[in-house]
Student: 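What follows is a single structure, and I will ask about it in a moment.
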Amino acid sequence: MAYIQFPEDFKWGVATAAYQIEGAVRQGGRGPSIWDTFSHTPGKVLNGDNGDVACDSYHRYEEDIALMKELGVNVYRFSVSWPRIFPEGTGKVNKEGLAFYHRMVDKLLENGIEPMCTLYHWDLPQVLQDKGGWDNRETVEAFVAYSELIFKEFSGKIKSWLTINEPWCVSFLSNFIGAHAPGNQDLALAVNISHHLLLAHGKAVARFRDLDIPGKIGFAPNVTWLEPYSRDQEDVEACRRGMGWMVDWFLDPIFTGTYPAFMVDWFAANQAPLQIKDGDMEWIKQPVDFIGINYYESNVGRHNPQGGMLEVESVDMGYKKTDIGWFINAEGFYNVLTFIADKYGEIPIYITENGICINDGVEDGTVNDQRRIDYLKGHIAAVARSLKSGVNIKGYITWSLLDNFEWAEGYSKRFGIVHVNYRTLERTKKESFFWYQKVIGNSWLEV
Ligand SMILES: OC[C@H]1NNC[C@@H](O)[C@@H]1O
């Protein structure tokens, strides 16, 4: 049996997000978010599911932390619910909300688990959406004020910060494709929102520096790899667009202070011109200490003039699929990690999300999710291979600790290494939990 040994200081973790696990949406002083509105709008979420109860982690966080302790993780990546802190988005602070996160962070620290805080994981206060949401530049300032409050409140307790989770999902998936809250389908709107998200990120990083908060700050783009179906220039360019709006669009501005010209031109040709105000790019290119990379799947792509706005389509090459229909391709993980390192240099990287939807249920007190173990093994091996190729990866955080509310798919799609019975809220450790526990304990991978 061969082993891949990870670096001594390599971090292992699990990730969740507030709206997907907390529940208690009308308790503890929390205000409504766009996901409360969206999930309660008929037809938006499969089976009419919503996050009203979710995994009830607002009340059961100690049980969740006990699972993390048993698992042996060094890091827990969670998100703060903005409307639990500012029920109106700005103005009056909800002290009960702050107290909840203090209780949770203190319990993590007591158990030797490092909190990694995502400030925005999609649950925008509805009051701000009513004023235009991320399309309104005032929301940028509201995010900075919210971030400042959390920085100051948890300074010294939380030392790893992520501003925004998956800005591509917040802009294009939610405002052009329309599958997520608030569900718009307007490319020009989505492009403008993507710019405001980057502006909010940059201004929050600048505030973090000005306040001299101890710790490190980054953000967490979701990435993919699109392999051209042929070497035809049309296929190659189509694949660059398919990655360009998700990877380059959000990383170039932070690392170079400019948007990728090929995408600026493509959006402009689709009546979605980028509108930048003087000084914006200076704010956006604030240096970050690390980037979080969220990776799930990659595809083989080819040009198709009828392939949507980007004129690209995915080609089914017969790769195995997950239970949410995504292709399994660990090679793509290696390819996109080395692409990012080649293009953006030595910036430290945490894998802040990687996991698989496998819907196996509980049988005889366990869940035999061997397909999840196979996926995690292949993708953690790709991380090891990337490390050997010089990619500066500092840690691996799997999505997710718990089965949880999977956005428009509701509770039908399970990503957890711990099964959740949504009727009883009982947690059941899956076989993958014990497999991951062993990887963490040894910090090596049997291959
Ligand atoms: O689809 C699985 C995950 N992807 N990244 C963002 C998370 O909130 C999702 O649950």
Side-chain angles (χ1 to χ4, degrees), residues 13-23 33-36 38-39 44-46 49-51 54-55 57 64 76-82 116-124 162-175 177 179-182 197 218-225 246-247 250 291-299 321-329 332-333 336 349-359 369 371-372 375-376 379 396-420 422 430 432:
V14 289
T16 65
Y19 188 76
Q20 296 181 269
I21 68 164
E22 285 182 4
S33 76
I34 57 175
W35 270 97
D36 297 278
F38 195 74
S39 65
K44 296 298 185 185
V45 177
L46 199 58
D49 289 342
N50 58 60
C55 306
S57 289
D64 297 341
Y76 175 44
R77 179 188 175 223
F78 66 97
S79 79
V80 170
S81 167
W82 185 346
M116 177 184 276
C117 174
T118 306
L119 288 160
Y120 186 70
H121 200 126
W122 306 356
D123 41 3
L124 185 72
L162 293 160
T163 53
I164 292 171
N165 185 69
E166 301 186 357
W168 179 86
C169 291
V170 182
S171 49
F172 295 106
L173 181 63
S174 303
N175 290 281
I177 296 167
H180 280 193
L197 288 167
F219 84 131
N222 54 307
V223 301
T224 190
W225 178 260
M246 191 181 277
V247 182
F250 294 101
I291 47 175
I293 294 293
N294 295 356
Y295 173 89
Y296 291 89
E297 65 155 344
S298 54
N299 281 271
K321 287 187 179 181
T322 71
D323 290 352
I324 199 170
W326 300 347
F327 288 115
I328 298 173
N329 178 6
F333 195 14
V336 70
I349 291 172
Y350 281 86
I351 307 303
T352 38
E353 286 184 33
N354 176 243
I356 181 173
C357 173
I358 295 292
N359 294 330
D369 57 341
R371 290 183 293 158
R372 176 172 286 107
Y375 176 97
L376 293 177
H379 286 73
Y396 176 88
I397 298 170
T398 193
W399 184 273
S400 177
L401 171 71
L402 302 172
D403 293 337
N404 58 56
F405 177 79
E406 178 54 26
W407 308 113
E409 300 287 336
Y411 298 105
S412 67
K413 303 296 184 292
R414 295 178 177 270
F415 278 84
I417 58 174
V418 174
H419 179 277
V420 176
Y422 294 112
K430 302 180 185 178
S432 54

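We're numbering straight along the sequence, starting at 1. We count ligands from 1, going down the list as the structure has it; atoms in each ligand are counted the same way.
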Student: What I want to know is whether Glu406 and ligand 1 share at least one N or O pair that is separated by under 3.5 angstrom.
Tutor: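 N/O-N/O distance below 3.5 Å exists for this pair.
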Student: Within ligand 1, which atoms have a heavy atom of Glu353 less than 4.0 Å away?
Tutor: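 Listed by number with element, the hits are 3 (C), 4 (N), 5 (N), 6 (C), 7 (C).
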Student: Report the member of Tyr296, Phe415, Trp326 with the shortest heavy-atom distance to atom 3 (C) of ligand 1.
Tutor: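 Checking each option, the heavy atom nearest atom 3 (C) of ligand 1 is found in Tyr296.
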Student: Considering only NZ, NE, NH1 and NH2 on the basic side and carboxylate oxygens on the acidic side, decide whether Asp403 and Lys413 come within less than 4.0 Å.
Tutor: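 Looking at Asp403 and Lys413, the cut-off is not met.
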Student: Examine distances only and state if a side-chain atom of Asp49 and a backbone atom of Phe405 form a donor-acceptor pair shorter than 3.5 Å.
Tutor: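 No; zero donor-acceptor contacts below 3.5 Å.
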Student: So, is Asn294 polar-close to ligand 1, with some N/O to N/O distance under 3.5 Å?
Tutor: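 In this structure, Asn294 places no N or O atom under 3.5 Å from an N or O of ligand 1.
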Student: Within less than 4.0 angstrom of ligand 1, does Lys413 place any heavy atom?
Tutor: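 The answer is no: ligand 1 sits nowhere under 4.0 Å from a heavy atom of Lys413.
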Student: Have a look at Ile356 and tell me which of Glu297, Arg372, His379, Arg414 forms a side chain to side chain contact (heavy atoms under 4.5 Å, CB included) with it.
Tutor: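 It is Arg372; the other options fail the test.
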Student: Within the distance-only criterion (no hydrogens, no angle test), does the side chain of Thr398 pair as donor or acceptor with the backbone N or O of Val14 below 3.5 angstrom?
Tutor: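 No; judged by distance alone, with no hydrogens or angles, the pair does not exist.
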Student: Quick check: does Trp407 get an N/O under 3.5 Å from an N/O on ligand 1?
Tutor: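 Between Trp407 and ligand 1 (N or O atoms, distance only) the closest approach is under 3.5 Å.
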Student: For His121, take its heavy atoms, then give the atoms of ligand 1 lying under 4.0 Å from any of them.
Tutor: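 Contacts of ligand 1 toward His121, numbered from 1: 6 (C), 7 (C), 8 (O).
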Student: With under 30° as parallel and over 60° as perpendicular, where do the rings of Tyr19 and Trp35 fit, or are they tilted in between?
Tutor: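 Rings of Tyr19 and Trp35: tilted, as their planes differ by 30° to 60°.
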Student: Based purely on interatomic distance, does Glu166 place a nitrogen or oxygen under 3.5 Å from a nitrogen or oxygen of ligand 1?
Tutor: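 Yes - when backbone and side-chain N and O of Glu166 are compared with those of ligand 1, one distance drops under 3.5 Å.
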Student: Would the distance check show the side chain of Ser81 and the main-chain N or O of Ala18 forming a donor-acceptor pair, the cut-off being under 3.5 Å?
Tutor: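 Such a contact is absent between Ser81 side chain and Ala18 backbone.
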